[in-house]
Amino acid sequence: MTPDSLKTLILGKPRDIEDPKTYHHISLIAFLAWVGLGADGLSSSSYGPDESYRALGQHHWMAVGLAVATAFTVFIISYAYSRIIEHFPFGGGGYVVATKLLGPRFGVVSGSALLVDYVLTISTSIAAGADATFSFLPPSWHPWKLGVEFAAIALLMVLNLRGVKESVSILAPVFVLFLVTHAILIFGVLLVRGREFPVVAHEIRTQYHGTVAVLGWGGMAALFLRAYSMGAGTYTGIEAVSNGLQIMREPKVQTAKKTMLYMASSLAITAGGITLAYLLVHATPVEGKTMNAVLVENFAGGWGKLGQGFMWLTLGAETALLFVAAQAGFIDGPRVMSNMANDSWLPHRFAQLSSRLSMHDGILLISMASIGTLLYTRGDTSTLVLMYSINVFLTFSLSEMGMVRYWIRERAKYPDWYRHIVIHVIGLVLCLSILVVAVVEKFAEGGWITLVTTTLLIGLAFLIRRHYLGVRGSLRRLDQIMVGLPTQDAGEPKAIDPRQPTAALLVGSYGGLGIHQILTLQRIYPGHYKNLVFLSVGVVDSATMKGVAEVEEMRTRTEAALGRYVDLAHRLGYAAAYRAAIGTEAVADGERLCLEVAREFPRAVFYAGKLVFEKERWYQRLLHNETAFALQRRLQFAGLNAMVLPVRVRAGEDEGAPA
C-alpha cells in the first residue's frame with residue numbers, strides 16, 4: 001500500500017472546494033453544533049460542580065447558593081456572547097473581539113490565552129473522562145489510565161483530520177445518552193428526595209447560623225466566593241460557539257444563537273442540578289471517586305442489578321461526553337491559530353487547509369501539546385482544572401471589556417445604547433471577579449504554569465509578527481522596479497507558439513516579487529525564451545473557506561493578477577498566457593497545474609521564486625514555507641525542468657519594527 005492510499009484510507013478522499021455540496025457537508029446544523037461545541041460546556045458539569053462542592057468543606061448548605069449562582073453566571077455569559085455573535089457574524093470569538101475593539105495587542109493576549117485553553121480543554125476533558133471510568137475499575141487497572149488518555153487523543157485527532165462533520169456525527173449518540181442519563185439522575189434525585197425538602201431546609205438554617213458563628217459574615221462570604229471561583233471550569237465551553245461560527249449552517253448567526261441557547265439551558269440545568277443533588281443526597285468526597293460517581297451511587301446503589309447498570313451507563317456516558325468535549329479543542333483551537341496566522345502572529349502555514357478542508361497543521365500541533373500537558377500533569381484532573389480556568393476568564397474579561405468600550409464609543413449612533421451595555425457590564429464584573437480570585441487562589445497551586453506559558457506564547461507571537469513585518473518591508477523595495485517598466489503598448493501582442501522555448505513562472509499577487517523573476521530571466525537568458533506562461537495557485541485558507549462564492553472571488557482575483565503579468569510580458573515583447581488553479585495545498589495543486597502546462601508546452605522550463613536570507617536560521621525555514629523547493633523536487637522527479645530563482649533578503653532586513 002502506497003503512502004497516498006494509506007492517507008486516503010485513514011483521512012478519506014480529497015474534497016472538491018468548487019462543489020456547493022461540499023460546504024453543506026462540512027457545515028453543522030444547530031443540533032450538531034451543540035454536540036461538537038456545546039459538549040465542552042455541558043461536560044464541564046462533570047468536574048466544575050465537583051471542584052466547587054469540595055471547596056465548601058463541611059459547609060455543604062451553601063450548595064443551594066452555588067447552584068443558583070452557577071445557573072445565573074451561565075446565562076449571563078451566554079447571553080453576552082450571543083450579543084457578540086450578532087456583532088461578529090463571521091466568528092473568531094475572543095481573539096477577533098479583542099483585536100477589533102481593543103486593538104491587536106489585546107487581541108494577541110486573548111488569542112494566546114485561548115490557544116493554551118484549547119490545549120487544556122482536550123487534556124482536562126480526556127483526563128476527567130478517564131477519572132470517571134476508573135472510579136469503578138479495580139486499582140490494578142489504574143496504571144493504564146494515562147495510556148487510555150493518549151489513545152483517546154490519537155483517535156480524536158484522526159477523526160478531525162478527516163473533517164469536522166464526520167467527527168461530530170459519530171459522537172452525537174454519546175451526547176444524547178449523556179442528556180438522558182443525567183436528566184434521570186437530577187430529576188430522579190429531586191423527585192425521590194422532594195419529601196425531605198422541609199428537613200433539608202431546617203438543616204440549612206441550622207448550618208447557616210453555625211457557619212456565621214464560626215466564620216463570621218466576612219469569612220462566610222470569602223468561603224462562598226472561593227468555592228464559586230473553584231467551579232470556574234463550569235463555564236469554560238461558552239466561548240467555543242462564538243469562535244466556531246464558520247462551521248455553522250447558514251444562516252450562521254441564527255444557527256449560532258440557537259446553539260448558544262441549547263448549550264446555556266442544558267449547562268445551567270445540569271451543573272446547577274448536580275450541585276443541588278449533592279446536597280440532597282448528603283454526598284461526601286470519597287478517595288479515588290469523582291463526586292458524580294458518589295452521587296450516582298447514592299441515588300441508584302440500592303436498585304440491585306438495575307441500579308448497577310444505571311451507574312455504569314451514566315458514568316460511561318459521562319466519560320464518553322468528556323471525550324466528545326475534547327472535540328471543541330480540536331475544532332476551535334486550530335481555528336484560533338488560523339486567525340492569528342492570517343494576522344502574522346503565528347506561522348502562515350497554520351492558516352492553510354488540507355485536501356479534506358481540515359486545519360491539518362493546527363490539529364497535529366494541538367494534539368501533541370495536549371499529550372505533552374497530560375505527561376506533565378500525569379493526567380491529574382485537579383491540576384488541569386486549576387491551569388484551565390484562569391485563561392478562560394482572561395478571555396471572557398477582554399471580550400466583555402471590548403463590548404463595553406464599543407457601546408460607550410458608539411453611544412451617539414444608538415440612543416438606546418445603555419440597554420445594550422448593561423449585560424456586558426454585568427458580565428465584565430462577574431468575569432473579572434472570578435479571574436482575580438482564581439489567580440490569587442490558584443497561583444501557587446499550578447496557576448503560575450498557565451500564566452507563564454501564556455506569557456511566553458504572547459512573546460513568541462510578537463517576535464513572529466516582527467519578523468514577518470520586517471520581511472514585508474524588505475520586499476517592498478522590489479516594488480520600486482515597477483517605476484522603470486515600459487508603460488506603452490508594444491503593438492499587437494505576439495501569438496503564442498507552444499513549440500517555442502517557454503518559461504513557465506509560478507507567481508502570486510502582482511508585484512515586485514513576480515516582476516523580479518521576469519527581469520532575472522531577461523538578464524540571464526536574453527532572447528532565449530519566446531513565450532512566458534504565468535502560473536498561479538489560489539490557495540483557499542480558513543479565511544476564504546466560507547462557500548463557493550468566496551472561492552469564485554479568489555479565482556477572479558488570481559486571474560486578474562495573472563492578467564497584469566501577461567500585459568507586462570506583452571509590453572516587454574513576449575508572447576504570453578496564463579493558467580490558474582484553485583486549491584487547498586500549494587505544492588500538490590501547483591504540481592498538477594505544471595504537469596498540465598508541460599503537456600501543452602513541451603519545451604517549458606518552470607521557475608519559482610524563493611526568499612533567500614543572507615544567514616538562514618532555523619526559524620526562517622519554519623516561518624517561510626519551502627513551497628518552491630518542494631515543487632522543484634516533484635517536477636524534477638516527474639522528468640520536468642524546474643529551477644528556483646532566489647530573492648535576497650539581507651541581514652537586518654528581516655528584523656523590522658516591533659508590531
Side-chain angles (χ1 to χ4, degrees), residues 39-55 112-135 142 145-154 156-157 229-240 271 285 288-293 318-330 332-333 366-395 434-435 437-439 441-454 456-457:
D40 180 23
L42 185 58
S43 69
S44 64
S45 60
S46 303
Y47 51 82
D50 184 316
E51 293 290 331
S52 61
Y53 189 78
R54 290 176 189 268
S112 299
L114 278 171
L115 287 182
V116 174
D117 265 347
Y118 283 126
V119 170
L120 291 171
T121 292
I122 298 171
S123 305
T124 305
S125 298
I126 296 296
D131 283 348
T133 297
F134 282 83
S135 288
H142 286 194
K145 188 166 84 77
L146 205 57
V148 169
E149 293 168 1
F150 293 160
I153 290 178
L156 286 172
M157 179 182 71
S229 67
M230 290 297 289
T234 306
Y235 320 110
T236 51
I238 296 175
E239 154 79 17
K289 291 187 178 183
T290 66
M291 286 302 302
N292 282 12
E318 192 169 286
T319 301
L321 185 72
L322 283 160
F323 288 172
V324 175
Q327 182 65 13
F330 284 105
D332 280 343
I366 208 165
S367 300
M368 296 303 103
S370 300
I371 289 174
T373 305
L374 284 175
L375 278 173
Y376 176 77
T377 60
R378 305 300 299 172
D380 182 65
T381 304
S382 295
T383 303
L384 287 166
V385 172
L386 283 174
M387 296 166 61
Y388 187 14
S389 56
I390 291 176
N391 273 4
V392 171
F393 281 91
L394 173 59
T395 302
I434 296 174
L435 174 62
V437 174
V439 170
E441 288 285 340
K442 302 174 183 178
F443 183 82
E445 301 176 35
W448 67 270
I449 302 174
T450 300
L451 295 175
V452 169
T453 302
T454 305
L456 290 174
L457 184 56

Q: Please identify each residue that fulfils side-chain contact (heavy atoms from CB on, under 4.5 Å) with Thr453, with sequence neighbours left out.
A: Val116, Ile449
Q. Who pairs with Ala127 by side-chain contact (heavy atoms from CB on, under 4.5 Å), at least two apart in sequence or on another chain?
A. Glu149, Leu374, Thr381, Leu384
(Q) Once side-chain hydrogen bond (donor to acceptor under 3.5 Å, both in side chains) is applied, do any residues pair with Asn391, and if so which ones, sequence neighbours excluded? (A) Thr454
Q: Using the side chain to side chain contact (heavy atoms under 4.5 Å, CB included) rule, take Arg378 and Lys145 through it: C-alpha gap first, then chi angles, then the decisive distance, then the call.
A: CA-CA 10 Å; Arg378 305 300 299 172; Lys145 188 166 84 77; over 6 Å; no
Q) Hey, which of Ile153, Val119, Leu115, Thr121 is the one that makes side-chain contact (heavy atoms from CB on, under 4.5 Å) with Ile366? A) Val119
Q. Pick from Thr450, Val452, Leu451: which one makes a side-chain contact (heavy atoms from CB on, under 4.5 Å) with Trp448?
A. Val452
Q | Least distance between heavy atoms, Tyr47 atom then Ala128 atom | A | CD2-CB, 3.9 Å
**Q.** Rounded distance [0.5 Å steps], OG in Ser45 versus CG in Leu321
**A.** 7.5 Å
Q.
According to salt bridge (Lys or Arg N to Asp or Glu O under 4.0 Å), who are the partners of Asp117, at least two apart in sequence or on a separate chain?
A. none
Q.
Suppose we screen for side-chain hydrogen bond (donor to acceptor under 3.5 Å, both in side chains). Which residues come up paired with Thr319, at least two apart in sequence or across chains?
A. Thr133
Q | Any donor-acceptor N/O pair, Ser370 side chain to Ser123 backbone, under 3.5 Å | A | no
Q: Specify the closest pair of heavy atoms between Ser46 and Asn292, including all atoms of both residues, with the distance to one decimal.
A: CA-ND2, 3.5 Å
Q. Which residues pass the side-chain hydrogen bond (donor to acceptor under 3.5 Å, both in side chains) test with Thr290, sequence neighbours left out?
A. none
Q: For Leu322 and Ile126, run side chain to side chain contact (heavy atoms under 4.5 Å, CB included): C-alpha distance rounded to whole Å, both residues' side-chain angles, the deciding distance at 0.1 Å, then the answer.
A: CA-CA 6 Å; Leu322 283 160; Ile126 296 296; over 6 Å; no
Q: Mind checking the CZ-CG spacing from Phe150 to Leu146? Nearest 0.5 Å is all I need.
A: 3.5 Å
Q: Specify the closest pair of heavy atoms between Met157 and Ser367, including all atoms of both residues, with the distance to one decimal.
A: CG-OG, 3.4 Å
Q | Where Ala271 and Pro49 come nearest, the two heavy atoms and their spacing | A | O-CG, 3.9 Å
